[in-house]
Amino acid sequence: MHTTHLITWLKENETTHLKIFLDSTQDAKDADRKKEVSSHNKKYYYLQAAQAIFMNNDDEHVRHFSQVQPDVFIKKIDHHIKNLKKAYNVENTRLGKTGAGMTYEGLQHNPSKVNLITLIVDSFPWWPDLHGFWKMNPGFNMKPSIADPGQDLEGEMLSTFQFGNTGSDASSINETE
């Protein structure tokens, strides 16, 4: 399968990839655009991808076969996307729950994640593009973010445990009390 060609095609056909991967209302709102809703099943879009990917294949037999037996290529693309989803999620487990929901750019600038991102991209070069498509899509990202980057959850928790006017806080609590 020509993964790079598939990813390139998906990037070039944003409306289609949003339909294939089920656009979210929140993503559309965040991007200040209308939500993309498909009026066709995925096979319709996979056929478009197969024709675009294989019509210029170096092998004449593959080019011809993709035009006369497109169903074979539709199944291959569907299977390949499922395999990409599995590989993407394997890499996301390395990031943890908060990293899996961050943008690729945010991860590159995060000192605690930059080395890991480099390793991920070295072993799975399509991860940044797939992450752009799938990071907040629970149908594809099995490790969605549980917190926004930059949240001070520890500080918020500690302030919750502060005690009235005594000036005591959670850090001064003795475990034997």
Side-chain angles (χ1 to χ4, degrees), residues 1-28 30-31 35-108 110 113-146 149:
M1 179 51 135
H2 302 285
T3 304
T4 301
H5 295 291
L6 175 60
I7 300 293
T8 300
W9 183 84
L10 290 166
K11 287 170 38 178
E12 290 172 352
N13 295 276
E14 181 180 8
T15 301
T16 301
H17 92 246
L18 290 170
K19 291 176 181 178
I20 291 172
F21 303 137
L22 305 175
D23 192 15
S24 78
T25 303
Q26 186 62 48
D27 286 347
D30 291 347
K35 179 181 175 181
E36 296 293 339
V37 179
S38 177
S39 58
H40 302 284
N41 65 26
K42 289 181 182 182
K43 289 180 182 181
Y44 172 83
Y45 301 109
Y46 292 166
L47 174 61
Q48 292 176 4
Q51 290 172 337
I53 292 166
F54 295 104
M55 71 184 200
N56 294 317
N57 193 287
D58 292 337
D59 185 335
E60 183 180 330
H61 177 71
V62 171
R63 278 195 318 269
H64 177 72
F65 193 62
S66 71
Q67 300 305 310
V68 297
Q69 294 289 329
D71 286 350
V72 172
F73 290 84
I74 291 168
K75 290 176 186 174
K76 287 187 178 289
I77 288 174
D78 182 51
H79 180 72
H80 194 64
I81 288 174
K82 288 176 183 172
N83 286 338
L84 287 171
K85 176 182 169 181
K86 287 177 190 174
Y88 170 76
N89 278 290
V90 165
E91 299 303 335
N92 278 356
T93 59
R94 296 167 69 181
L95 283 174
K97 290 184 178 181
T98 56
M102 293 174 68
T103 64
Y104 174 62
E105 293 77 18
L107 290 163
Q108 285 181 306
N110 183 323
K113 302 287 185 191
V114 69
N115 291 336
L116 182 55
I117 287 301
T118 301
L119 292 173
I120 288 171
V121 174
D122 285 348
S123 67
F124 189 56
W126 306 283
W127 185 90
D129 293 316
L130 295 174
H131 194 62
F133 301 151
W134 297 341
K135 72 179 167 294
M136 298 305 285
N137 185 333
F140 288 88
N141 185 354
M142 303 305 163
K143 292 276 186 195
S145 177
I146 59 167

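More than 12 non-hydrogen atoms from other residues, nucleotides or ligands lie less than 6.0 angstrom from NZ of K42. Residue E60 qualifies as open at atom CD: its count of foreign heavy atoms under 6.0 Å is 12 or below. Atom NE2 of H40 is surrounded by more than 12 heavy atoms from other residues, nucleotides or ligands within 6.0 Å.
Looking at R63, its side chain never comes within 3.5 Å of a backbone N or O of N56 through a donor-acceptor pair. The backbone N or O of M102 lies less than 3.5 Å from a partner atom in the side chain of H131, making a donor-acceptor pair. In this structure a side-chain-to-backbone donor-acceptor pair under 3.5 Å is missing from K135 to T103. Looking only at distances, no side-chain donor or acceptor of K85 sits under 3.5 Å from a matching main-chain atom of N141. In this structure, D78 contributes its side chain and I74 its backbone to no donor-acceptor pair below 3.5 Å.
Looking at heavy atoms from C-beta onward, N92 lies in side-chain contact with W127 at the 4.5 angstrom threshold.
Here salt bridge (charged side-chain N to carboxylate O under 4.0 Å, His left out) pairs that include residues 44-59, with residues two or more places apart or in two chains, number zero.
Note: H61 and F65 have parallel aromatic rings, judged against thresholds of 30 and 60 degrees for the angle between ring planes.
Between F54 and H5, the distance separating the two ring centers is not shorter than 6.0 angstrom.
Between the side chains of S39 and Y44, no donor-acceptor pair of N or O atoms lies under 3.5 Å. No side-chain N or O of N13 forms a donor-acceptor pair with one of H17 less than 3.5 Å apart.
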